Novice: 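Please read through the structure below; I'll follow up with questions.
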Amino acid sequence: MAIRVRFAPSPTGDLHIGGVRTALFNYLFAKKEKGTFILRIEDTDEARSTEASTGIIINAMKWLKLNWDEGPGNELPEYAPYYQMKRKEQGIYQKYIDILLEKGYAYKCYCTPEEVEKMREQARLAKQPPKYNGHCANLTKQQQEEYEKQGRTAVIRFRMPKEGKIEFDDIVRGHVSFENALLDDFVLMKANGVPTYNFACVIDDHLMQMSHVIRGDDHISNTPRQIHIFKALGWEPPIFAHLSMILGSDGARLSKRHGHTSVLEYRKEGYLQDALINYLALLGWSTEDSQQLFFGNSLIENFSLDRCNSSPATFDPSKLLWMNGEYIRSKSDEEIYNLFIDWIEYTNQQDLIKDWDKDLLKKAISLEHEKVKLLKDIPGLVDFFFKELSFDEQAVSKVLLSETKKDSSKIVLNECLRRLPNQQDFSPEALEKFARDLATELGFSNGKVFHPIRVAISGRTQGPSLFHMMEVMGKDEVLKRIQFTVDKYFNV
């Protein structure tokens with residue numbers, strides 16, 4: 001069997017975490033099985049589908065490197081177009097509606113939405129499944145004409161068998177069975193000629209020769225209806241795999257109240273593409289040894305639908321943040337610099353670093369590489385290299401001006417101003433020796449020398465390795481900052 005799978009989003013908003021997880025599992029399965037991964041845009045929701053949302057989906061997929069073999073921008077004539085409304089315009093769906101009508105598997109229904117809702121309410125009151133009661137299932141030609149004279153337009157409904165059941169084997173959930181009596185005569189095509197989801201996706205999945213349909217388990221109730229359409233048209237259904245739902249930490253289905261759900265919000269926050277992909281792969285799937293980090297092609301090599309879990313997966317933002325930090329640490333200094341510049345451009349914050357020396361920025365980032373968890377952390381970690389010296393009040397009161405340290409800090413900084421101009425070797429090793437020797441000579445602890453220097457040149461108590469920081473700043477800048485600090489706090 002040629003493996004062909006698809007991700008078929010509706011362009012009605014942003015691409016969310018659940019959608020990306022579905023796209024990812026389809027992508028991994030296709031790559032593992034040397035198959036074809038297809039992107040199809042299901043834009044039949046006329047009221048909510050927009051070109052802007054389609055663009056967002058495509059951009060998010062490209063950022064995540066979930067590159068499709070077929071789809072928008074890469075269409076094969078035998079399967080194109082890959083947009084459902086374009087397929088509708090070509091009469092693809094109408095052709096199969098006509099076949100189902102001719103064979104008696106479908107019928108025209110002239111009931112208004114209000115009438116259908118009244119039927120459902122009556123069924124609820126009778127403690128029966130709230131479904132359409134089949135009022136138009138056996139209309140004569142004359143009755144149809146009478147309705148049309150009244151100005152009524154017809155939807156096309158599928159004629160559901162009243163007995164028996166539909167069964168299928170799901171890769172994730174095992175054997176699944178639905179009683180036909182619980183299913184209603186659902187709509188295949190709206191009165192305006194636009195196909196419904198259940199109908200259009202069956203036609204497209206068959207014509208595009210999908211071997212497997214891998215999607216979220218919120219679609220499992222649609223599957224029996226779709227299988228009925230496949231069978232009515234004499235087609236073999238694809239193999240189904242319904243992925244477990246994703247929950248928030250409170251056990252409720254993942255939503256905005258749990259944090260970001262839109263994938264591109266994670267890009268704005270400074271998450272790396274490969275870290276997000278790695279994390280999402282673990283939502284409902286695992287290896288036998290519960291491996292957590294996958295680099296290179298190891299995710300594709302290890303993936304198997306058989307290892308997908310039917311139990312709900314819990315989205316844990318703290319684990320994603322940890323994983324992002326691990327991925328950042330796995331990158332070279334040059335890679336992180338380039339990723340940061342890409343992030344700056346994506347978030348349109350070029351003004352933030354427009355006056356920053358790029359060589360100095362590269363060096364500053366390398367000093368703080370191990371501390372970065374998100375790309376957005378970088379400006380706050382390194383901006384003191386580029387801005388006029390400003391002081392954290394607590395750092396000043398704790399290190400420079402406390403009753404027990406004020407005198408020693410003043411001595412240390414003045415000695416630095418006197419001695420550092422003659423320090424020829426400004427390497428971290430030489431600077432550390434300088435500071436330790438100064439502490440010994442003055443009879444101070446190392447901290448009483450190191451800490452005032454750090455606050456004097458950075459304005460903070462936290463930051464990169466002191467002596468590497470001094471080397472990157474350079475002698476002139478270090479002396480300039482120490483002089484500024486002495487003038488501000490001790491020459492008053």
Side-chain angles (χ1 to χ4, degrees), residues 4-27 30 36-76 79-94 187-208 210 213-219 221-223 225-226 238 242-243 245-246 253-256 260-268 273 276-277 280 346:
R4 289 176 60 82
V5 295
R6 47 71 166 180
F7 174 53
S10 296
T12 55
D14 293 341
L15 182 57
H16 289 172
I17 289 296
V20 175
R21 196 272 304 264
T22 297
L24 173 61
F25 281 30
N26 277 277
Y27 173 86
T36 302
F37 174 56
I38 295 141
L39 175 62
R40 185 174 75 217
I41 304 298
E42 298 194 338
D43 53 354
T44 55
D45 186 339
E46 302 160 282
R48 298 169 60 222
S49 295
T50 65
E51 288 187 17
S53 291
T54 300
I56 288 170
I57 289 168
I58 288 174
N59 288 337
M61 293 282 284
K62 287 180 176 178
W63 173 61
L64 293 167
K65 298 180 182 176
L66 296 175
N67 302 315
W68 51 96
D69 302 302
E70 294 175 26
N74 188 26
E75 301 198 357
L76 295 187
Y79 301 120
Y82 292 80
Y83 292 80
Q84 285 187 331
M85 287 304 285
K86 290 181 181 179
R87 297 173 69 78
K88 179 256 181 188
E89 290 165 8
Q90 293 184 3
I92 291 173
Y93 305 117
Q94 186 62 51
V187 176
L188 299 172
M189 184 174 280
K190 292 179 274 189
N192 61 1
V194 175
T196 59
Y197 163 76
N198 277 317
F199 181 63
C201 82
V202 168
I203 304 305
D204 293 342
D205 285 344
H206 175 74
L207 296 181
M208 293 182 174
M210 297 302 157
V213 169
I214 305 166
R215 58 190 179 187
D217 66 359
D218 53 326
H219 283 290
S221 61
N222 292 319
T223 305
R225 296 178 173 86
Q226 292 170 13
H242 288 90
L243 308 172
M245 70 174 67
I246 302 175
R253 197 175 192 100
L254 190 67
S255 66
K256 288 183 179 180
H260 299 310
T261 55
S262 169
V263 170
L264 291 179
E265 286 298 321
Y266 287 91
R267 187 178 185 185
K268 288 178 184 176
Q273 164 269 337
L276 187 58
I277 286 292
L280 292 180
Y346 177 74

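Values below: every heavy atom of this structure, side chains too, minus hydrogens, waters and symmetry copies. The first residue in the sequence is number 1, and the count goes up from there. Please read these numbers as outputs of a predicted model, since none were measured by experiment.
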Novice: For residues E75 and P81, determine if any side-chain heavy atom of one lies less than 4.5 Å from a side-chain heavy atom of the other.
Specialist: yes
Novice: Look up atom OH in Y27 and atom NZ in K65, then write down how far apart they are to the nearest 0.5 Å.
Specialist: 10.0 Å
Novice: For residues Q226 and N198, is any side-chain donor paired with an opposing acceptor at under 3.5 Å?
Specialist: yes
Novice: Quiz question: by atom type and distance under 3.5 Å, do the side chains of R267 and S262 form a donor-acceptor pair?
Specialist: no
Novice: To the nearest 0.5 Å, what is the distance between CD1 (I57) and CG (L39)?
Specialist: 8.0 Å
Novice: Under a 4.0 Å N-O cut-off, is there an ion pair linking K268 with E265?
Specialist: yes
Novice: For Y79, is the NZ or CZ atom of R4 found under 6.0 angstrom from the centre of its six-membered ring and inside 45 degrees of the ring axis?
Specialist: yes
Novice: To the nearest 0.5 Å, what is the distance between CG on L24 and CG on L64?
Specialist: 8.5 Å
Novice: Give a yes or no on whether the backbone of T12 and the side-chain of S49 come within a donor-acceptor separation of less than 3.5 Å.
Specialist: no
Novice: With T50, which residues qualify under side-chain hydrogen bond (donor to acceptor under 3.5 Å, both in side chains), at least two apart?
Specialist: S53
Novice: Side chain of N26, backbone of I214: donor and acceptor closer than 3.5 Å?
Specialist: yes
Novice: Got a sec, which pairs hit salt bridge (charged side-chain N to carboxylate O under 4.0 Å, His left out) with one end in residues 191-206, sequence neighbours left out?
Specialist: R6-D205, R40-D204, R40-D205, R87-D204
Novice: Any side-chain heavy atom of L264 within less than 4.5 Å of one from L15?
Specialist: no
Novice: Taking the side chain as every heavy atom from C-beta outward, state whether V263 and L276 have any pair of such atoms under 4.5 Å apart.
Specialist: yes
Novice: Looking at Q84, M189, M85, which one forms a side-chain contact (heavy atoms from CB on, under 4.5 Å) with V194?
Specialist: M85
Novice: For the pair N74 (side chain) and D69 (backbone), establish whether a donor and an acceptor sit closer than 3.5 Å, ignoring hydrogens and angles.
Specialist: yes
Novice: If you count every heavy atom of other residues, nucleotides or ligands that lies below 6.0 Å from E46 atom CD, does the total exceed 12?
Specialist: yes
